[in-house]
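Everything below concerns the one structure shown next.
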Number of protein chains: 2
Amino acid sequence: MSSPRPQRADAVRNRAKIMAAAHEQITANGPEVSMEQIATAAGFAVGTLYKHFPTKTDLVAAVVAASITAVADDAEAALSRTCDDGSPALEEITGFLTRLIDTAAHDHAVKAAARALAADPAALHDEARATAALDRLIHAAHQHGDLRPDFSVDDLYLLFSTAPTDQPAHVRARWLALLITGLTAR
Amino acid sequence: MSSPRPQRADAVRNRAKIMAAAHEQITANGPEVSMEQIATAAGFAVGTLYKHFPTKTDLVAAVVAASITAVADDAEAALSRTCDDGSPALEEITGFLTRLIDTAAHDHAVKAAARALAADPAALHDEARATAALDRLIHAAHQHGDLRPDFSVDDLYLLFSTAPTDQPAHVRARWLALLITGLTAR
DNA sequence: ATAGATCGTGAAGCATCATTCACCTTACTG
DNA sequence: CAGTAAGGTGAATGATGCTTCACGATCTAT
């Protein structure tokens, strides 16, 4: 009944190295990088990756889930700017969307995270934090009468997941401009 | 200086068969169907496809370009409903968008065509026809004061290219609803 | 009908990848 | 410090898919 044996210390370290390298590679090249490439970047052989993650899909999912963290941070910062400094909620929402899209344009991991969010709006590491902050932000905008009353967090995720992240900056900006006028209250 | 020799009659027929099969396969399975699968569907060996198209990319491009035809037809029909029957231009525009998105949800060829349109708004077979019709429709809506004054055909293509065509119908509808309120004049 | 080019064939070549496993190495335990 | 299980290795396997090419079949101009 005794626990079979604890995980080795170096294994924990190496797992972190693998995650870091995978995150870097996916950020730069998208989730279709080869396991070989991730392994090389991490300084290991491919077999090692499979000692930690049963399949490539699992590794990618772990990385994608973790990359929500930065998004959640940004959402919370936006929320506190509204709550503490009185910045207009609608402005913070559109600012958040803008930053997110610009980030995703360079960061394939965030882009993949967006798709995952839209497909299954849960089960992503730190997703709850982001959702909670955005929810309060949206609520504040509703109270203020800025935002169309039926707008929800799911809508935000939906819009983000369809952003033209592979288009040049001026196209992304135009897309946002078309969108945002549809968000204001009637 | 005499033309080397005309193309053989059967070769012309077979090229059409290949195009038809490729269109069918790409419509159903997307542009990533294998050349083998297209060849089988067409009733030929792979080598034959390469006698007609130097690379898979060329074959796919040809199919995608051709699949604009149906879109152009729809655009022209919408235009004539407005010009001849006095149907509101804005309604025809949103109707066009709605139909196009629903089509793309099932037809991978149209979806690919949309991406191609947004990337390079020219050089697609029948693209000019669609653009001309939509342009007149947009112009009519502007005259009527329904549509935001800065809205253009490029915007329409941009919006369409970002539609969530792989989401279920109610999500697509919601996405459209969010968009369309942003299109009306201020 | 015949020559001669065009066309069609499909197995083979070549790449790319995910995944496995028999074998060595290393960290931990007693 | 020795024994042992966990950890790491990387060549091999098998799948998939684009592309080529030497050969035989077919069409067409004469």
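Every chain is numbered from 1 and lettered A, B, ... according to where its sequence line falls, protein lines coming before strand lines.
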- prompt: Quick one: B:Arg13 CZ to C:dG8 P, roughly how many Å, whole number?
  reply: 10 Å

query: Whole Å only: how far is the CG atom of A:Leu49 from the C1' atom of D:dG10?
result: 12 Å

message: Counting only side-chain nitrogens and oxygens, does B:Asn14 get under 4.0 Å of the OP1 or OP2 atom of C:dC7?
response: no

message: Can you list everything that forms a salt bridge (Lys or Arg N to Asp or Glu O under 4.0 Å) with A:Glu127? Sequence neighbours excluded, please.
response: none

query: Between A:Tyr50 and A:Thr55, is any side-chain donor less than 3.5 angstrom from a side-chain acceptor?
result: no

message: What I'd like to find out is whether the side chain of A:Pro88 reaches to under 4.5 Å of the side chain of A:His144, using heavy atoms alone.
response: no

field: Heavy-atom side-chain proximity of A:Val71 to A:Phe160 below 4.5 angstrom
entry: no

query: Is any side-chain nitrogen or oxygen of A:Thr48 closer than 4.0 Å to OP1 or OP2 of D:dG7?
result: no

- request: Return no unless some side-chain N or O of A:His52 is found under 4.0 Å from OP1 or OP2 of D:dG7.
  value: no

query: When the distance from CD of A:Gln37 to P of C:dC17 is rounded to whole Å, what number comes out?
result: 8 Å

field: Pair A:Thr184-A:Arg148, side-chain donor/acceptor within less than 3.5 Å
entry: no

- line: To the nearest angstrom, the CZ-P distance between B:Arg15 and C:dG8 comes to 11 Å

task: Determine, for nucleotides 12-26 of chain D in 5'-to-3' order, which nucleotides have protein heavy atoms under 4.0 Å from the base (write B), from only the sugar-phosphate (write S), or from neither (write -).
output: ------SBB-----B

- prompt: Does a sphere of radius 6.0 Å around CD in A:Glu76 hold more than 12 heavy atoms from other residues, nucleotides or ligands, not counting ones at 6.0 Å or beyond?
  reply: yes

message: I need the CZ-C1' distance between A:Phe44 and D:dG7, as an integer number of Å.
response: 10 Å

